[in-house]
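Just below is one structure, and these are the notes that go with it.
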Amino acid sequence: MNQVKTALTIAGTDPSGGAGIQADLKTFQEREVYGMSVITSVVAQNTTGVEAIEHLPIDFIEKQLHSIFSDIYPDALKSGMIATIEMMELLADTLKDKRIPFVIDPVMVAKSGDTLMEEKSRRVIRESLVPLATVVTPNIPETEILVDFKVESYESMKKAAKVIVHELGSKAVVIKGGHLNGAATDVLYDGKEFFDFTAERTNTKHTHGTGCTFSAAITAELAKGKTMEEAVGISKQFITDAIQYSLELGKGNGPTNHWGYRLKGVPSYEKGE
Ligand SMILES: Nc1ncnc2c1ncn2[C@@H]1O[C@H](COP(=O)(O)OP(=O)(O)OP(=O)(O)O)[C@@H](O)[C@H]1O
Ligand SMILES: Cc1ncc(CO)c(N)n1
C-alpha cells in the first residue's frame with residue numbers, strides 16, 4: 001500500500017539552495033515526505049545576500065495553488081516568504097476552509113539583513129494569516145514585530161508566546177531563541193503548556209536557511225501525523241545536526257546541511273571536504 005505523506009511549501013526561492021523553497025524541498029525529502037511547492041517570489045540571492053526580488057503576479061500564484069489543491073491535496077503545508085498584502089489575502093482565502101496543519105514561518109528579513117516582506121505587510125500578517133495557523137515559528141525580531149514589545153529574555157519569550165496564541169489566534173507558537181545569547185533555546189506554547197527545546201549553540205557563521213529548514217521539518221512531521229510536541233522535538237534535533245555539520249560553501253554565510261543528521265558519528269567526515 002502506498003502510504004506516502006505529502007507536504008506543500010508556499011514561499012520564495014533561493015537559487016543558491018540554502019533557504020526558501022529549495023531548503024524546504026530538501027528538508028521534505030530528508031524527512032521522507034513528498035514535497036511540493038508554490039512560488040510566491042523569485043529572489044536572486046546567495047550566501048552573501050539578496051541582489052533582486054521579482055514577485056510573481058497574484059493570479060499566477062492563485063493558478064499554482066489551484067494546480068495543487070485540485071490534484072494532490074497536501075497532508076500539511078507551510079508558508080515562508082509572503083511579501084505583499086495581496087499574497088497574504090490570497091493565501092488566507094485559499095486556506096480558510098481547509099483543515100490541514102498550516103505552519104507559518106513569518107519570514108521578514110534574511111540573515112543578511114535584506115528585507116523579504118514589505119514593511120506595510122508586517123502588521124497585516126497578524127490579522128490575515130496568523131489566526132489560521134496551526135503553529136507560527138517566529139525568530140526574536142519577528143516576534144517583536146508580531147507582539148509590539150521587546151523580547152530580550154526567556155521570560156519575555158513566554159509572554160510573547162501567550163500573546164501570539166491568545167490574542168492573535170494561532171493554535172500554537174514556537175519562538176526561536178537563535179538570536180539570543182547562550183544556548184539555542186526555543187519555546188513551544190500550545191495554549192496550555194510550555195515546552196522548552198534546548199541545544200548547545202554551534203559556533204558557526206554558516207546558518208543561512210536555518211529558519212526555513214526548521215519550519216519545513218515541523219511541517220513534514222505534522223504531515224506524518226506527529227503531535228506538535230513530537231514534531232518540534234524531532235525538528236529541533238534535525239536543525240541542530242544540520243547546523244553542526246553546516247557547509248562552508250560560498251563567500252558569505254554558508255547553508256545548513258540537510259543530511260547533517262546522517263553524518264552524526266561518522267568520524268571520517270570533515271566539513272568543507
Ligand atoms: N548557532 C546555532 N547553534 C545551534 N542552534 C541554532 C543556532 N542558530 C540558530 N539555531 C536554531 O536554529 C533554529 C532556527 O532559528 P533561527 O533563529 O536561526 O531562525 P531564523 O532567524 O528564522 O532563520 P532564517 O535566517 O533562516 O530566517 C532554531 O531552533 C534555533 O534555536
Ligand atoms: C526566499 C527566502 N525565504 C526565507 C529566507 C530566510 O532567511 C531567505 N533568505 N529567502
Side-chain angles (χ1 to χ4, degrees), residues 9-25 27 37-56 78-83 87 103-117 135-146 151 154 157 173-188 195-218 231-246 250 252-258 260:
T9 170
I10 303 165
T13 65
D14 173 8
S16 71
I21 289 272
Q22 283 83 350
D24 294 342
L25 289 174
T27 304
S37 59
V38 164
I39 294 172
T40 52
S41 305
V42 182
V43 184
Q45 63 171 318
N46 59 25
T47 64
T48 67
V50 173
E51 280 184 73
I53 298 177
E54 201 72 56
H55 299 316
L56 289 195
K78 70 157 272 191
S79 64
M81 179 184 176
I82 309 292
M87 291 184 198
V103 178
I104 297 184
D105 185 7
V107 171
M108 295 179 187
V109 177
K111 279 260 152 64
S112 52
D114 296 285
T115 295
L116 297 174
M117 186 191 284
V135 63
V136 188
T137 63
N139 61 22
I140 298 284
E142 290 156 357
T143 303
E144 292 181 335
I145 288 166
L146 290 175
V151 178
Y154 175 71
M157 281 165 86
V173 62
V174 182
I175 300 185
K176 299 172 291 191
H179 292 243
L180 294 177
N181 294 324
T185 296
D186 307 334
V187 176
L188 164 65
F195 304 90
D196 287 353
F197 298 89
T198 298
E200 225 172 88
R201 179 172 297 275
T202 299
N203 185 13
T204 178
K205 65 170 186 155
H206 302 305
T207 55
H208 180 58
T210 49
C212 307
T213 301
F214 181 57
S215 57
I218 295 173
V232 176
I234 293 166
S235 303
K236 179 67 176 174
Q237 187 61 56
F238 184 78
I239 189 61
T240 303
D241 296 342
I243 293 170
Q244 193 180 344
Y245 291 99
S246 60
N253 302 111
T256 61
N257 184 340
H258 292 95

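Whatever order the structure lists ligands and atoms in, that order sets their numbers, starting from 1. Only heavy atoms go into these numbers, but all of them, side chains included; no hydrogens, no water, no symmetry mates.
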### Query
So, are Lys176 and Asp105 salt-bridged, with charged N and O less than 4.0 Å apart?
yes

Protein residue, atom and distance nearest to [atom], heavy-atom basis:
atom                    : answer
atom 13 (C) of ligand 1 : Ile239 CG1, 4.0 Å
atom 6 (C) of ligand 1  : Ile243 CD1, 3.3 Å
atom 5 (N) of ligand 1  : Ala184 CB, 3.4 Å
atom 9 (C) of ligand 1  : Gly178 CA, 3.8 Å
atom 1 (N) of ligand 1  : Thr202 O, 2.9 Å

Hey, is [X] one of the residues with a heavy atom under 4.0 angstrom from ligand 1?
X      : answer
Ala19  : no
Asp186 : yes
Glu200 : yes

For the residue pair [X] and [Y], confirm or rule out a side-chain donor-acceptor distance under 3.5 Å.
X     : Y      : value
His55 : Thr40  : no
Thr9  : Lys78  : no
Asn46 : His208 : no

### Task
Apply side-chain hydrogen bond (donor to acceptor under 3.5 Å, both in side chains) to Thr256 and list each qualifying residue two or more places apart in sequence or on a separate chain.
none

### Message
If you compare all heavy atoms of Leu180 against all heavy atoms of Met157, which two are closest, and at what distance to 0.1 Å?
### Response
CD1-SD, 3.7 Å

### Task
Over all heavy atoms of both residues, which pair between Ile140 and Val151 is shortest? Give the atoms and the distance, please.
CG2-O, 3.3 Å

Are any of the N/O atoms in [X] less than 3.5 Å from those in ligand 1?
X      : result
Gly211 : yes
Lys176 : yes
His208 : no

### side chain to side chain contact (heavy atoms under 4.5 Å, CB included) against Ile145, all qualifying residues, sequence neighbours excluded
Met108, Arg122

### Summary
By side chain to side chain contact (heavy atoms under 4.5 Å, CB included), Thr47 pairs with (sequence neighbours left out) Pro255

### Query
Just going by heavy-atom distances, which of Ile175, Thr213, Thr210 is nearest to atom 18 (O) of ligand 1?
Thr210

## Note on the structure
Closest to atom 17 (O) of ligand 1 by heavy-atom distance, out of His179, Arg201, Met108, is His179

Is the backbone N or O of [Y] less than 3.5 Å from a side-chain atom of [X], with the two atoms forming a donor-acceptor pair by type?
X      : Y      : result
Ser235 : Val232 : no
Thr202 : Ile243 : no
Arg201 : Thr185 : no

#### Entry: Ser16 OG to Gln45 CD distance, which is reported to the nearest 0.5 Å
6.0 Å

### Query
If you count the atoms of ligand 1 from 1 in the order shown, which ones are under 4.0 Å from a heavy atom of Gly209?
26 (O)

### Task
Using a strict cut-off of 4.0 Å, indicate which atoms of ligand 1 neighbour a heavy atom of Lys236.
29 (O), 30 (C), 31 (O)

Enumerate, one pair per line, all nitrogen or oxygen atoms of ligand 2 lying under 3.5 Å from a protein nitrogen or oxygen, stating the separation to 0.1 Å; write 'none' if no such pair exists.
unit_1: ligand 2; atom_1: 9 (N); unit_2: Gln45; atom_2: OE1; d: 3.1
unit_1: ligand 2; atom_1: 10 (N); unit_2: Gln45; atom_2: NE2; d: 2.9

